[in-house]
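Worksheet: the structure to be examined is printed underneath.
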Amino acid sequence: MKLLFFASDYQIGLTFLLTEELKYLIRQPGLQILAIAGDTEQLKGLTQQLEYHNIPIKRITGLDFHKNFFSLAKQIHAILKVSKCTHIHVQNNWQLSLLVFIKYFYRYNCKIFYTIHSYRNNSFIKAIIAKIIIELALFLYTDKVFVPSSEMKQKFWLVRKKTFILYLGVEERFFSIPSPIFSDSYKNIIFAGQFRKGKNQTTIIKALSNYIQKTGKRDFTLYLPGEGSLKNNCIKLVNDLKLQNKILFPGQLSREEMLNLYKRCQVAIVPTNSETFGHCIAEPFVMGLCVMSRKVGIAKDIIVDGENGLLFNNQNDLTLLLIKYLNNNIAIEEMGKLAQEGRELFRWSSICKRYEEIMVGDID
């Protein structure tokens, strides 16, 4: 099968996530892959990684911006005519619209596949509108749809018959990190997320403040890496609660810095309203941290409450979990160990093997 794989996203360029996926897709014997991307990259060195793994890629200037539609369509069609790719995997609506135009205007015979990465899911009104538009387009114009969690498959019910759950992967080096040490009574806690609507960092801050009030204990440090428009609000709340030495804001971290921070933590808390997948859930899960999460994204697929992690609904629930478990080393260590037993779900090698089976084997 000859597959044209879009590896960049809107205003980002070649993405870290899709580069990681391509490293393992190229190893699948049933796939002949040609990557396509805009002329920029999310992180320095991604293009060199593709070259190192002998992944062919075509670059198109301006692909990741919503302009010059007909020029871009013409350039992509020219690539398809030469490569003769029969299957095309797109990552967003702009790419889908380009391929639909090429398929019907140029009468190019191909199958179109689409991964739902997001749909404005942390904004209620925008999410409703986006979901309707995306779902209708997927119903009319795609052959198969990939979603990274069962929650997403349930939400896009109109296309459920051609939808496949395919988890996203975690970097291989996350699998080689030693398990966290839970013997110390002091805990380092983390939530990795941008400071924007729906991420709810304030939920953790307030729950920890309540934990202190109810127990008198200050035996933790919370790390909130990331940037965003709501960061200053969170800093002000921390200052108002006099938690400056308990809650830290490391800023936007590189992947290496993020991995090193995870190594220092024992607990991860995920308070978000919605996740299509949730790397903030999967990454600490793989590393054996005790993950406390709302019932969002991948959490509902992988966490059995009280066995390999903990689930909560709101701030009060989270406060009660902290009071019950934060100093229970035996319980949270056991949950972390059980989480690691299920982490193979997130190896890119396993995910990409499944991808090939779906694409080549035409699995129902």
Side-chain angles (χ1 to χ4, degrees), residues 115-128 130-131 135 146-157 160 163-170 189-208 210-211 222 224 226 265-326 328 331-332 334-343 345-346:
T115 295
I116 301 175
H117 292 283
S118 65
Y119 61 101
R120 309 265 185 175
N121 45 302
N122 273 304
S123 176
F124 181 72
I125 300 299
K126 290 181 179 178
I128 293 175
K131 180 179 175 297
E135 193 163 20
F146 294 94
V147 293
S149 66
S150 60
E151 180 181 15
M152 294 303 297
K153 185 170 184 176
Q154 292 168 4
K155 287 185 177 181
F156 287 80
W157 61 269
R160 63 188 182 280
T163 296
F164 298 82
I165 298 172
L166 191 73
Y167 298 145
L168 300 177
V170 172
I189 306 168
I190 187 170
F191 169 55
Q194 299 304 305
F195 291 83
R196 55 183 173 82
K197 185 177 180 181
K199 291 301 182 181
N200 300 339
Q201 283 90 346
T202 56
T203 296
I204 310 178
I205 296 169
K206 291 176 182 178
L208 285 169
N210 291 336
Y211 166 80
L222 169 65
L224 296 174
C265 297
Q266 295 84 29
V267 176
I269 300 177
V270 182
T272 57
N273 287 343
S274 177
E275 296 284 346
T276 51
F277 174 68
H279 274 94
C280 54
I281 301 167
E283 288 174 351
F285 187 88
V286 164
M287 295 183 70
L289 278 67
C290 177
V291 180
M292 303 180 183
S293 177
R294 291 189 69 193
K295 301 170 185 177
V296 295
I298 198 70
K300 293 196 293 186
D301 291 337
I302 62 173
I303 294 179
V304 179
D305 191 27
E307 293 187 20
N308 63 351
L310 295 162
L311 298 172
F312 64 92
N313 294 312
N314 51 48
Q315 180 185 309
N316 290 335
D317 286 352
L318 177 57
T319 299
L320 293 174
L321 288 181
L322 292 170
I323 292 171
K324 183 176 181 179
Y325 289 104
L326 197 56
N328 190 338
I332 61 175
E334 182 63 22
M335 288 184 221
K337 288 180 178 178
L338 288 174
Q340 283 189 311
E341 291 180 7
R343 67 184 184 174
L345 290 169
F346 302 117

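Because only heavy atoms are used, hydrogens play no part in the values below, and waters and symmetry mates are left out as well, while side chains stay in.
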As an exercise, state the distance from [atom1] of [X] to [atom2] of [Y], rounded to the nearest 0.5 Å.
X    : Y    : atom1 : atom2 : value
N328 : L321 : CG    : CG    : 12.0 Å
I116 : K155 : CD1   : NZ    : 11.0 Å
D317 : L311 : CG    : CG    : 10.0 Å
I269 : Q201 : CD1   : CD    : 12.0 Å
T319 : K206 : OG1   : NZ    : 11.0 Å
L310 : Y325 : CG    : OH    : 5.5 Å

Within the structure provided, determine whether [X] and [Y] are in side-chain contact (heavy-atom separation under 4.5 Å).
X    : Y    : value
E275 : C280 : yes
L166 : V147 : no
I189 : L326 : yes
N308 : F285 : yes

Under 3.5 Å donor-acceptor pairs involving side-chain atoms of residues 335-343, not counting sequence neighbours:
residue: Q340; atom: OE1; partner: S179; partner atom: OG; Å: 2.8
residue: Q340; atom: NE2; partner: M287; partner atom: O; Å: 3.3
residue: R343; atom: NH1; partner: F175; partner atom: O; Å: 3.4
residue: R343; atom: NH1; partner: V286; partner atom: O; Å: 3.0
residue: R343; atom: NH2; partner: F175; partner atom: O; Å: 3.0

Parallel, tilted or perpendicular for Y167 and F346, by the 30°/60° rule?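 The arrangement is tilted - the two ring planes meet at 30° to 60°.
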Is there a side-chain contact (heavy atoms from CB on, under 4.5 Å) between I298 and L345? Walk through the geometry before answering. CA-CA 11 Å; I298 198 70; L345 290 169; over 6 Å; no
ring-ring contact (aromatic ring centres under 6.0 Å, His included) with F191: which residues, sequence neighbours excluded?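 By the ring-ring contact (aromatic ring centres under 6.0 Å, His included) rule, F191 matches no residue at all.
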Positive for side-chain contact (heavy atoms from CB on, under 4.5 Å) with T276, one of E151, M152, H117: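 Passing option: M152.
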Among I204, V296, I205, which one satisfies side-chain contact (heavy atoms from CB on, under 4.5 Å) with P271?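 That would be I204.
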K153 to T163 - nearest heavy-atom pair and separation: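 Heavy-atom minimum between the residues: NZ-O, 3.4 Å.
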Does anything in residues 284-301 form a side-chain hydrogen bond (donor to acceptor under 3.5 Å, both in side chains)? List the pairs, not counting sequence neighbours.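 Non-adjacent pairs meeting side-chain hydrogen bond (donor to acceptor under 3.5 Å, both in side chains): S150-D301, N273-R294.
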